[in-house]
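One structure is given here, and the rest of the page talks about it.
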There are 2 protein chains.
Amino acid sequence: MTELFDYFDKFLKLSDNTKKALAELCSNVTIKKNDTLQPFGHTCKTIYFLKSGIARIYYYKDGTDITECFAFEGNIIARVESLFTGKPSQKAIQILENAEIIAINATQLFKLYDTYPQIERLFRLIFETAYVDTLNRIEGIQFHSAEERYLDLLKRTEIVQKIPLKHIASYLGITQVSLSRIRATVK
Amino acid sequence: MTELFDYFDKFLKLSDNTKKALAELCSNVTIKKNDTLQPFGHTCKTIYFLKSGIARIYYYKDGTDITECFAFEGNIIARVESLFTGKPSQKAIQILENAEIIAINATQLFKLYDTYPQIERLFRLIFETAYVDTLNRIEGIQFHSAEERYLDLLKRTEIVQKIPLKHIASYLGITQVSLSRIRATVK
DNA sequence: GTGATTATTTATCATTTGTTAAAGGAATTC
DNA sequence: GAATTCCTTTAACAAATGATAAATAATCAC
């Protein structure tokens, strides 16, 4: 669990008994490439932390598979729109590279918010950061060409190389053909 | 202040003394069309609630004025990226239609988080909702044409009619010429 | 390894949006 | 109310991306 608490530490220093309470909600999951971590249609009740591997959140739009986001080693991933609204998620989580994951039981987590204000604060800070990242992503989508966005993604994580092109294309909001064309000119 | 507390009520029922503490951070502001509510370069320390009027957050990108978002009657507006990071904001808030505003002192607000967990929770819920809205906006930008996005914006608020075209265009991520063309075909 | 499946590239043409420039309207100032 | 400025539309052409189809390349199952 060290990796997870190191991650938490970056947001807020937790007291020992808060850490202990949190640790009780966590369980380890090992899951293989291409497997589904969370299926469509269920209300999201888990927040995941990736110790290793790659995951993506995706959904179907007019029959095509769209990747909403990727998550890499050392980051958390959750279907926020369901977690916060309590509505069933129209999105699924799939593993793209064999992963070691810590699953945090969100139902129990939210219950701890009353007893441990530190925990409520921790996750408030985590999601505030994610919110700001999302605002910046909008700027990226609206004011950069597909080529710029692709190069930017490459710059952020070279691990992207391991991900099938179609997922990267739908994440960037373009077709796979278009991305392939871009890569040809960039090389 | 009734409008503001009605707004809060939709997220969380507050106790009377919590409301009283909150009310002490609030002040009324009357501001005219085209005036600047918050300039560039300062760290954002205020959250605004619009009792009436229209406001927008904007910034300059390569010399052009870009509208990040609009706010209408009954909604809050804040430069979140500065509020949450404590860094100076590269964005400004401008009034587009004469407005009656309640200004919430965020510095004092954050201090109350320790004493009134209800207040921390209230704003956590408010911003969680805003976060989910932002995620949905990304979907809109990536998978709908400019025309669809324009019609969708019109559907959400007819007040948009009052806003100069250039602001709507930059909000939608297209040029003013392009938006004008779209409006010509839609009519 | 061979065949089958899946992923990626390439090519062609259509559509959308951007860029630039100019013209017509609306609003504001004096 | 005339002049000025700002806002919106129109037009012509360029660039980026989409759609479809076909050709390679890579991967997987047996």
Side-chain angles (χ1 to χ4, degrees), chain A residues 32-36 54 56 58 60-67 70 94-98 137-154 158-187, chain B residues 32-36 54 56 58 60-67 70 94-98 137-154 158-187:
Chain A
K32 287 203 178 304
K33 183 169 174 169
N34 292 327
D35 281 2
T36 295
I54 304 178
R56 69 171 183 129
Y58 72 104
Y60 285 100
K61 176 138 204 129
D62 305 328
T64 34
D65 172 323
I66 305 286
T67 294
F70 299 110
Q94 186 190 31
I95 300 303
L96 298 177
E97 290 292 329
N98 291 353
R137 190 174 159 200
I138 289 191
E139 192 186 312
I141 296 170
Q142 282 189 316
F143 306 109
H144 292 108
S145 67
E147 180 174 324
E148 287 171 314
R149 276 177 278 147
Y150 174 65
L151 292 175
D152 193 59
L153 182 64
L154 276 191
E158 288 186 3
I159 326 170
V160 169
Q161 313 274 11
K162 289 188 183 175
I163 300 172
L165 211 62
K166 61 181 172 186
H167 298 333
I168 299 175
S170 71
Y171 172 77
L172 293 174
I174 55 176
T175 61
Q176 177 177 340
V177 174
S178 199
L179 179 55
S180 183
R181 189 160 36 190
I182 285 166
R183 300 215 304 181
T185 67
V186 163
K187 266 175 206 160
Chain B
K32 286 203 178 304
K33 184 170 175 170
N34 292 327
D35 281 2
T36 295
I54 304 179
R56 69 171 183 128
Y58 72 105
Y60 285 100
K61 175 137 207 128
D62 305 328
T64 34
D65 172 323
I66 305 287
T67 295
F70 299 110
Q94 185 190 32
I95 300 304
L96 298 178
E97 290 292 328
N98 291 353
R137 191 175 159 199
I138 289 191
E139 191 185 313
I141 295 169
Q142 283 188 316
F143 306 108
H144 292 107
S145 66
E147 180 174 323
E148 287 171 314
R149 277 177 276 148
Y150 174 66
L151 292 176
D152 193 57
L153 182 64
L154 276 190
E158 287 186 4
I159 326 169
V160 169
Q161 313 274 10
K162 289 188 182 175
I163 300 173
L165 210 62
K166 60 181 173 187
H167 298 334
I168 298 175
S170 71
Y171 171 76
L172 293 175
I174 55 176
T175 61
Q176 179 177 339
V177 175
S178 200
L179 179 55
S180 185
R181 190 160 35 191
I182 285 165
R183 300 214 305 180
T185 65
V186 163
K187 266 174 205 160

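Naming: A, B, ... by sequence-line order, numbering from 1 per chain. Since the structure is predicted, the reported quantities are computational estimates derived from the model, not experimental observations.
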For D152(A), all residues meeting side chain to side chain donor-acceptor pair (under 3.5 Å), sequence neighbours excluded: R156(A)
Compare side-chain N and O positions of K166(A) against OP1 and OP2 of dT8(C) and report whether any pair is under 4.0 Å apart. no
Rounded distance (Å) that lies between atom C1' of dT6(C) and atom CD of Q176(A): 10 Å
Using atom CD of Q161(A) as one end and atom C1' of dA7(C) as the other, report the distance to the nearest whole Å. 16 Å
Pairing residues for Q94(B) by the side chain to side chain contact (heavy atoms under 4.5 Å, CB included) criterion, not counting sequence neighbours: N34(B), R56(B), Y58(B), L96(B), H167(B)
Among residues at least two apart in sequence or on other chains, which ones pass side chain to side chain donor-acceptor pair (under 3.5 Å) with S145(B)? E148(B)
Contacts of Q176(B) that satisfy side chain to side chain donor-acceptor pair (under 3.5 Å) - sequence neighbours left out: none
Can you build the contact string for nucleotides 18-30 of chain C? Use B for base contact, S for sugar-phosphate-only contact, and - for no protein heavy atom under 4.0 Å. BBB----------
Rounded distance [0.5 Å steps], CD1 in I174(B) versus CD1 in I141(B): 11.5 Å
Side-chain donor or acceptor of S170(A) paired with backbone N/O of T67(A) under 3.5 Å: yes
If you round to the nearest 0.5 Å, how far is CD1 of I182(A) from CZ of R149(A)? 8.0 Å
Once you round it to whole Å, what is the distance between C1' of dA7(C) and NZ of K162(A)? 18 Å
Rounded to whole Å, CG of D65(B) lies from C1' of dC6(D) at a distance of 14 Å
Roughly how many Å is it from CD1 in I182(A) to C1' in dT10(C), rounded to a whole number? 15 Å
Nearest whole Å is fine: how far is dA29(D) C1' from N34(A) CG? 15 Å
Any residue meeting side chain to side chain contact (heavy atoms under 4.5 Å, CB included) with K33(B), in chain and number order, not counting sequence neighbours: E97(B), N98(B)
Taking only residues two or more places apart in sequence, or in another chain, which ones meet K61(A) in a side chain to side chain donor-acceptor pair (under 3.5 Å)? E139(B)
If you round to the nearest 0.5 Å, how far is OG of S180(A) from NZ of K166(A)? 14.0 Å
For the helix from dG1(C)-dC30(D) to dC30(C)-dG1(D), what angle lies between the axis at the first five pairs and the axis at the last five pairs, to 10 degrees? 50°
Can you sort out the partners of F70(A) under ring pair (Phe, Tyr, Trp, His ring centres under 6.0 Å), two or more places apart, ordered by chain and number? Y171(A)
Without decimals, in angstroms, what is the distance between L165(A) CG and dA7(C) P? 11 Å
Integer-rounded Å distance: dC7(D) P and I163(B) CD1: 14 Å
Phosphate oxygens OP1/OP2 of dT9(D): is one of them under 4.0 Å from a side-chain N or O of R183(B)? yes
So, with a heavy-atom separation below 4.0 Å from DNA chain C, the residues of residues 138-154 of chain A are none
